[in-house]
Amino acid sequence: MPTAAPAPLISTALKGRCPRCGEGSLFDGYIKVAAKCPVCGLGLAGHDTGDGPAFFIMLPLCIITALLALLLDRFAQPPLWVHMIVWPVFIALVVGYSLRPVKAIMIGLQYRYRNVERESGP
């Protein structure tokens, strides 16, 4: 196993790259973690983020959405159907665009601070 420093966390997470080499793809699909890095061979199968990425996205997103909805209602006073269209679309877009990078950050942190590859076996 190389002793080189891991790839930069944020830039590799935004690109969906391997936390060790920063070159290979971290994902096999949209958010399914690949079995191993195609470039350096890092075993990625043991990296389980669970519901962590969804929690770290939804908690602040719910607060932000509620505040924005209140502000929109206070200053523009749109009909109720506008809220029913705008906010679900807003939430879906924010979650859709942020789930993959947040999951990649959590996997990068697991790689740096927890030896998942050794714990998951050969």
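In what follows, every heavy atom counts, from backbone to side chain, and hydrogens, waters and symmetry copies are set aside. Residues: numbered from 1 along the sequence shown.
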With sequence neighbours left out, write down each residue that passes side chain to side chain contact (heavy atoms under 4.5 Å, CB included) with Cys40, or none if nothing qualifies.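 If we apply the side chain to side chain contact (heavy atoms under 4.5 Å, CB included) test to Cys40, skipping adjacent residues, the hits are Cys18, Arg20, Cys21, Cys37, Leu42.
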Taking only residues two or more places apart in sequence or in another chain, which ones pass side chain to side chain contact (heavy atoms under 4.5 Å, CB included) with Leu99?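 Expected list: Ile31, Pro53, Ile57.
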For Leu44 versus Ala34, what's the shortest heavy-atom pair and its separation?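 For Leu44 and Ala34, the tightest heavy-atom pair comes out as CB-O, 3.1 Å.
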Which heavy atom of Lys103 sits nearest a heavy atom of Thr49, and at what distance?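 The pair with the smallest heavy-atom distance is CE-OG1, 3.5 Å.
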Run the side-chain donor-acceptor check on residues 68-83: report pairs under 3.5 Å with partners two or more places apart or on a different chain.
| residue | atom | partner | partner atom | Å |
| --- | --- | --- | --- | --- |
| Asp73 | OD1 | His83 | NE2 | 3.3 |
| His83 | ND1 | Trp87 | NE1 | 2.9 |

Report whether Leu67 and Val94 are members of the same hydrophobic cluster (ILVMFWY, side-chain heavy atoms less than 4.5 Å apart, transitive linking).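 In one cluster: no.
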Determine whether Val86 and Ile64 fall in the same hydrophobic cluster, where Ile, Leu, Val, Met, Phe, Trp and Tyr are linked whenever their side-chain heavy atoms lie under 4.5 Å apart.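 Yes, because Val86 and Ile64 connect within a single hydrophobic cluster, where side-chain heavy atoms sit under 4.5 Å apart.
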Please enumerate all residues that pass ring pair (Phe, Tyr, Trp, His ring centres under 6.0 Å) together with Phe27, with sequence neighbours excluded.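 Checked Phe27 against ring pair (Phe, Tyr, Trp, His ring centres under 6.0 Å); zero matches.
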Taking Thr65 for the side chain and Cys62 for the main chain, is one N or O donor matched with an acceptor at less than 3.5 Å?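 Not at all, since once roles are kept as given, no pair shorter than 3.5 Å links the two residues.
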Apart from Leu93 itself, which Ile, Leu, Val, Met, Phe, Trp or Tyr residues share its cluster (side-chain heavy atoms under 4.5 Å, direct or through members)?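 Traced through the cluster, Leu93 reaches Val89, Tyr97.
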Remaining members of the apolar cluster that contains Phe55, side-chain heavy atoms under 4.5 Å: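 Direct or chained contacts put Phe55 with Phe56, Leu59, Met106.
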[atom1] of [X] to [atom2] of [Y]: how many Å apart, nearest 0.5 Å?
X     : Y      : atom1 : atom2 : value
Lys15 : Leu26  : NZ    : CG    : 13.5 Å
Leu9  : Ile107 : CG    : CD1   : 11.0 Å
Glu23 : Thr12  : CD    : OG1   : 10.5 Å

